[in-house]
A.B. asks: 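Sharing a structure here in structure tokens format.
Numbers restart at 1 for each chain; the letters A, B, ... are given by sequence-line order, proteins then strands.
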Protein chains: 2
Amino acid sequence: MLQKVVYAFNKQRTYMISHTEENYLKAIFKLIEKGKPSASTNGISKKMSTSAASVTDMLKRLSEKKYINYEKYKGVTLTSKGNKVATSLIRKHRLWEVFLVDKLNFAWDEIHDIAEEMEHIQSEELINRLDNFLDHPKFDPHGDPIPDAEGKFTFRHSFPLSELSVEETGTVVGVQESSSPFLQYLDKIGISLGSTIKIIEHFDYDKSTKAVLNNSNTHILSYKVSHNILVQKS
Amino acid sequence: MLQKVVYAFNKQRTYMISHTEENYLKAIFKLIEKGKPSASTNGISKKMSTSAASVTDMLKRLSEKKYINYEKYKGVTLTSKGNKVATSLIRKHRLWEVFLVDKLNFAWDEIHDIAEEMEHIQSEELINRLDNFLDHPKFDPHGDPIPDAEGKFTFRHSFPLSELSVEETGTVVGVQESSSPFLQYLDKIGISLGSTIKIIEHFDYDKSTKAVLNNSNTHILSYKVSHNILVQKS
DNA sequence: AGTAATTTTTAGACTAGTCTAAAAATTTTA
DNA sequence: TAAAATTTTTAGACTAGTCTAAAAATTACT
């Protein structure tokens, strides 16, 4: 009984958000970002590679701590407190990615896992100095927007290459997937941020696309590829 | 029973050293570094701010995993495997400290806690690129040597200012304590790495020292201060 | 609307790390 | 060298995070 009291005291005294809690909040943020009004237990479970039971456990904790709005069997949304944590984590992640590419010359397919660890370093001062050191970048090496210290994202209209019309030319401004195999494939065929792509033809049969890259080579791109490349009309 | 088997399997499959285990190894390294032949449970407990019981628990685990040589009631030493982990951690810590000061312009009293988190980022490639980016520094902002990728430290003969003889002049090459209050005190009286200090007198009574800093101001330094400043004869 | 399928939650177990209190071993001291 | 002091270990509890299996709730489908 005495022990219980002591533990309760320590809990209050040393209260801090854990890496795991942060990761769950980021996962929820990303699920909702994709347009859905709320995140489901199974959706979070998939994104986090944990069991649904673990997710339910964590949702209870996060709700208790006011990071999320949660009612049993209904989906979850972030409170403004939770949103702040998630946005800050994304800011850190993307700034570190810029650091890794711009300063340490990593390739864009090597940085995700490292940034995944670095985003948990707890120091606002550090991140603001880093932001300054990197000249306040607005987008990371995959073209994703970097929120500012207040959590505001720079909006940029872009859409998948698969939706660009025949005869039109687009400029690559981002990718929807950050996996090494995908990015290495883009490297191999010469696509990077800033590349121009002109659509020759969309094939209905398998949704593949014939396109001219950087005014030189012609390639057939599968739907899986064209759908994950984000462009702006140019 | 079935569960037990599954857990054992996962344990093997996902084996990685934890942050906590790393921190204990570093603590043991630092205790032994100070000249003692082995580290005691109480010594580790003090350095880690955990109970002696927790230390004993951890020693069993670390021994099981071959990071330390441990016999009940005897002190512990690091195996070469454990030494490698500790040295690598110190390398990471000190390189990040250089980054924080040289690139992000932090003061030397603000960096310890941040580096304490950054040292756990797991990527040899990252550290080697960082080392390169920083031009292979041999000492960190507190004057401590940075081991190279093979774990070798650059040796430099230095000793506490309190042991410098009267009339002799020394150059500050390091500090034995990294706490903010101590480093800020040094800032205030104008002592940094490279400063010169000439001893005027050592007072036996309280072991304080009268000295001339950088050929200008004369100060009385307490033993606590002079003992934590490392110098070379100049 | 009622059953089937799916999703979510609960129950209970496990690990890594932590603690306090008490027991055991070692070291110090008279 | 025997008692006292100190150190170390054990015993048992607690939290955060994880799991599987089973129960409960919701959604989908005749």
Side-chain angles (χ1 to χ4, degrees), chain A residues 1-28 31 36-65 67-76 120, chain B residues 1-28 31 36-65 67-76 120:
Chain A
M1 206 51 190
L2 177 63
Q3 285 189 330
K4 229 171 194 170
V5 174
V6 172
Y7 275 112
F9 176 73
N10 280 340
K11 195 178 170 184
Q12 260 198 312
R13 203 173 55 103
T14 63
Y15 180 65
M16 266 191 81
I17 193 166
S18 71
H19 290 193
T20 311
E21 288 170 328
E22 287 188 328
N23 285 335
Y24 273 92
L25 292 175
K26 193 175 66 163
I28 295 166
L31 287 167
K36 288 164 203 157
S38 71
S40 71
T41 301
N42 262 357
I44 298 166
S45 152
K46 232 177 188 173
K47 187 139 249 173
M48 293 292 297
S49 305
T50 54
S51 69
S54 301
V55 174
T56 301
D57 263 24
M58 182 53 86
L59 294 184
K60 281 182 200 159
R61 272 194 292 263
L62 292 175
S63 175
E64 184 64 39
K65 294 178 179 176
Y67 289 115
I68 59 171
N69 304 114
Y70 171 56
E71 258 185 285
K72 269 199 231 172
Y73 294 101
K74 311 270 183 289
V76 301
H120 295 289
Chain B
M1 207 50 189
L2 176 64
Q3 285 191 328
K4 227 172 196 170
V5 174
V6 172
Y7 275 113
F9 177 73
N10 279 339
K11 194 179 171 184
Q12 258 197 312
R13 203 172 57 102
T14 64
Y15 180 67
M16 267 192 79
I17 193 166
S18 71
H19 290 194
T20 312
E21 287 170 329
E22 287 188 327
N23 286 335
Y24 272 92
L25 291 175
K26 193 175 68 163
I28 294 165
L31 286 168
K36 288 163 204 161
S38 71
S40 69
T41 300
N42 260 0
I44 299 167
S45 151
K46 230 178 188 171
K47 189 140 248 173
M48 293 292 298
S49 305
T50 55
S51 70
S54 301
V55 174
T56 300
D57 264 23
M58 182 53 86
L59 294 184
K60 281 182 199 158
R61 271 194 292 264
L62 293 174
S63 175
E64 184 64 40
K65 294 179 179 174
Y67 288 115
I68 60 171
N69 304 114
Y70 171 55
E71 260 185 283
K72 271 199 228 172
Y73 294 103
K74 312 272 183 286
V76 300
H120 294 290

A.B. asks: Base, sugar-phosphate or nothing for B:T41? Non-hydrogen atoms, less than 4.0 Å.
C.D. replies: sugar-phosphate
A.B. asks: Please report, rounded to the nearest Å, how far the P atom of D:dT8 is from the CD1 atom of B:I44.
C.D. replies: 9 Å
A.B. asks: Among residues at least two apart in sequence or on other chains, which ones pass side-chain hydrogen bond (donor to acceptor under 3.5 Å, both in side chains) with B:S45?
C.D. replies: none
A.B. asks: How many Å lie between CD on B:E71 and P on C:dA25, as a whole number?
C.D. replies: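 Going from B:E71 (CD) to C:dA25 (P), I get 15 Å.
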A.B. asks: Which part of the nucleic acid does A:S54 contact within heavy-atom distance under 4.0 Å: base, sugar-phosphate only, or nothing?
C.D. replies: base
A.B. asks: In this structure, how many angstroms lie between the P atom of D:dA16 and the OH atom of A:Y67, rounded?
C.D. replies: 13 Å
A.B. asks: From C-beta outward on A:Y73, which listed nucleotide comes closest to its side chain: D:dT10, D:dA24, D:dT18?
C.D. replies: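 Of D:dT10, D:dA24, D:dT18, D:dA24 is nearest to the side chain of A:Y73.
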A.B. asks: D:dG17, OP1 or OP2 - any side-chain N/O from A:S18 closer than 4.0 Å?
C.D. replies: yes
A.B. asks: Can you name the closest pair of heavy atoms from A:T20 and A:M58 and give their distance?
C.D. replies: CG2-CE, 3.7 Å
A.B. asks: A:Y24 side chain: which of D:dT20, D:dT8, D:dT18 is closest?
C.D. replies: D:dT18
A.B. asks: How close do B:A52 and B:T41 get, counting heavy atoms only, and between which atoms?
C.D. replies: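 Residues B:A52 and B:T41, closest heavy atoms: O-CG2, 3.7 Å.
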A.B. asks: Output the single nucleotide from D:dT8, C:dT8, C:dT20 whose closest atom is nearest the side chain of B:S51.
C.D. replies: C:dT20
A.B. asks: Starting the side chain at C-beta, find the nucleotide from C:dG17, C:dT10, D:dT9 nearest to B:Y70.
C.D. replies: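 Among C:dG17, C:dT10, D:dT9, the one nearest the side chain of B:Y70 is D:dT9.
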A.B. asks: Who pairs with B:S63 by side-chain contact (heavy atoms from CB on, under 4.5 Å), at least two apart in sequence or on another chain?
C.D. replies: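 By the side-chain contact (heavy atoms from CB on, under 4.5 Å) rule, B:S63 matches B:I68, B:Y70.
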A.B. asks: A:E21 and A:M16: which non-hydrogen atoms are nearest, and at how many Å?
C.D. replies: OE1-O, 4.2 Å
A.B. asks: Would you mind classifying the nucleic acid contact of B:T20 as base, sugar-phosphate or nothing, using non-hydrogen atoms under 4.0 angstrom?
C.D. replies: sugar-phosphate
A.B. asks: Counting side-chain heavy atoms from C-beta on, which of C:dA21, D:dC19, D:dT8 comes nearest to B:A53?
C.D. replies: C:dA21
A.B. asks: Please tell me which of the listed nucleotides, D:dT18, C:dT8, C:dA25, lies nearest to the side chain of A:N42?
C.D. replies: C:dT8
A.B. asks: Under a 4.5 Å cut-off applied to non-hydrogen side-chain atoms, are B:L59 and B:I44 in contact?
C.D. replies: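 SC-SC contact between B:L59 and B:I44 confirmed.
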A.B. asks: Nearest to the side chain of B:K74 - C:dT26, D:dC19, C:dT10?
C.D. replies: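 From the listed options, C:dT26 comes nearest.
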A.B. asks: Do you know which of B:H19, B:K47, B:M48 makes side-chain contact (heavy atoms from CB on, under 4.5 Å) with B:Y24?
C.D. replies: B:M48
A.B. asks: Phosphate oxygens OP1/OP2 of C:dT7: is one of them under 4.0 Å from a side-chain N or O of A:K72?
C.D. replies: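 Answer no for this pair, as no side-chain N or O of A:K72 is under 4.0 Å from OP1 or OP2.
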A.B. asks: Between the two end axes of the helix from C:dA1-D:dT30 to C:dA30-D:dT1, each built from 5 base pairs, what angle do you get to the nearest 10°?
C.D. replies: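 If I round to tens, the end axes sit 0° apart.
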A.B. asks: Can you measure A:L62 atom CG to C:dT9 atom P for me and round it to whole angstrom units?
C.D. replies: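 Taking CG of A:L62 and P of C:dT9, I get 13 Å after rounding.
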A.B. asks: How long is the span from the CG atom in A:L31 to the CG atom in A:N42, to the nearest 0.5 Å?
C.D. replies: 11.0 Å
A.B. asks: Return the nearest nucleotide to the side chain of A:R61; candidates are D:dG17, D:dA24, C:dT26.
C.D. replies: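 Minimum distance to the A:R61 side chain belongs to D:dG17.
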A.B. asks: If I take atom CE in residue B:M58 and atom C1' in nucleotide C:dC19, what distance separates them, rounded to the nearest angstrom?
C.D. replies: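 Distance check: B:M58 CE to C:dC19 C1' gives 14 Å.
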A.B. asks: Taking CD from A:E21 and P from D:dT18, how many angstroms apart are they, rounded to a whole number?
C.D. replies: 10 Å
A.B. asks: CD1 of B:I68 versus P of D:dT8: gap in Å, rounded?
C.D. replies: 13 Å
A.B. asks: For the pair made of NZ in B:K46 and P in D:dT7, what is the distance, rounded to whole Å?
C.D. replies: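 Distance, rounded to whole Å: 9 Å.
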